[in-house]
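See structure below.
Order of the sequence lines sets the chain letters (A, B, ...), proteins ahead of strands, with each chain counted from 1.
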There are 2 protein chains.
Amino acid sequence: MNDNHLEETLQRHGIRPTAVRILLLEIMEHFENTFSLADLETEADTLDKSSIFRTLTLFAQHHLLHVIEDGSGATKYCLCHNDHTCRVEEMHCHFHCEICGKTFCLDKIHVPVISYPEGYEVREINYLIKGRCPACRSKR
Amino acid sequence: MNDNHLEETLQRHGIRPTAVRILLLEIMEHFENTFSLADLETEADTLDKSSIFRTLTLFAQHHLLHVIEDGSGATKYCLCHNDHTCRVEEMHCHFHCEICGKTFCLDKIHVPVISYPEGYEVREINYLIKGRCPACRSKR
DNA sequence: CTCGTTTCTGCAATCGGATTGCAAGATGGA
DNA sequence: TCCATCTTGCAATCCGATTGCAGAAACGAG
């Protein structure tokens, strides 16, 4: 696992591999769950918030990241493990814990596809479950 | 359709019917789709933003409103037509148009229920589809 | 009806995440 | 090496959400 695979990943998605982007991608790979801009800021304290923001935007545009709005106020992200495109059938569900605020990727669970109403063009689906995660349930 | 049914609706949900709340509920009933705090502010220009905010919060707590985060930056709401509780099986899907920014209630389409992972306690599900609505598709 | 208590509302201020303008720095090609 | 382009850091700004506080309204007891 050298740096090379990071560069390759970026290039495969049509992203020019700069030092900042390689660093951020490496950090992202170490998160177990979803992460926010603030999380990245903590891990990469040499980088500026705006650079991280622009990197996130770029990665998302190139389908290297999923964007998740969990209603917590802060946008969450997670690495997209599909290749180039993110077809609807490949999207997975997310779980947001209302107690600890963490958002989990339910990688194994694909978004159930419904029969969409006539006339709408579907680009993307967010399936977000809210409730209490196992850790928070066991407390108290 | 006199004001009475508005008061009754509020009381049925355990909300004390004040003038502000009755007015807001009436305005909400006139929206076809989802609405934001700003939408209500426009319609009820005598009311203060914070009063509207607190009313929305209260209505949501008492399950009179659904809260929808569509990623547009502004939280959207829609009236909940189920009685007291909002069971998962009763939740419906939403569609967010990335062109015009409107969010539609797909009332007829219930959220598909998946088999949830062990250990998580499900309270609520958001199923949000993004894409282009019929009106925006027909243009250009 | 009056008084005291609780609830609600408007106003103003604040918070926090998202986003942008700009100039300096880094990169790539001729 | 030099120029054009892309990136990045810094600082400022935007905007929706949220809160503190004091006056107004609603309620219940006597």
Problem set entry | All pairs passing salt bridge (Lys or Arg N to Asp or Glu O under 4.0 Å) where residues 91-120 of chain A contributes a residue, at least two apart | A:E98-B:R123
Exercise. Quick one: ring pair (Phe, Tyr, Trp, His ring centres under 6.0 Å) partners of B:H94, sequence neighbours excluded?
Worked result: B:H92
Qualifying residues under side-chain contact (heavy atoms from CB on, under 4.5 Å), relative to [X], sequence neighbours excluded:
X	answer
A:P112	A:C93, A:Y127, B:P112, B:I114, B:Y127
A:P117	A:Y120, B:L106, B:I109
A:Q61	A:T57, A:L58
B:T42	none

For this session: Would you list the pairs meeting ring pair (Phe, Tyr, Trp, His ring centres under 6.0 Å) in which at least one residue belongs to residues 30-51 of chain A, sequence neighbours left out?
Result: A:F31-A:F35
Problem set entry | Degree of bending in the helix from C:dC1-D:dG30 to C:dA30-D:dT1 once both end axes are built from five pairs, to 10° | 30°
For this session: Output yes when at least one side-chain N/O atom of B:T18 is less than 4.0 Å from OP1 or OP2 of C:dC8, else no.
Result: no
Hey, what are the protein-to-nucleotides 16-18 of chain C N/O distances that come in under 3.5 Å?
| residue | atom | partner | partner atom | Å |
| --- | --- | --- | --- | --- |
| C:dA18 | OP1 | A:T75 | N | 3.0 |
| C:dA18 | OP1 | A:T75 | OG1 | 2.9 |

Problem set entry | Closest-nucleotide 5' rank along DNA chain C - winner of B:D48 and B:R16 | B:R16
Seminar exercise, completed: Taken in chain and number order and not counting sequence neighbours, the residues that satisfy salt bridge (charged side-chain N to carboxylate O under 4.0 Å, His left out) with B:E41 are none
Please write out each protein N/O paired with an N/O of nucleotides 20-24 of chain D under 3.5 Å, distance rounded to 0.1 Å.
| residue | atom | partner | partner atom | Å |
| --- | --- | --- | --- | --- |
| D:dG20 | O6 | B:R54 | NH2 | 3.2 |

Problem set entry | Set of side chain to side chain donor-acceptor pair (under 3.5 Å) partners for A:E69, sequence neighbours left out | B:K130
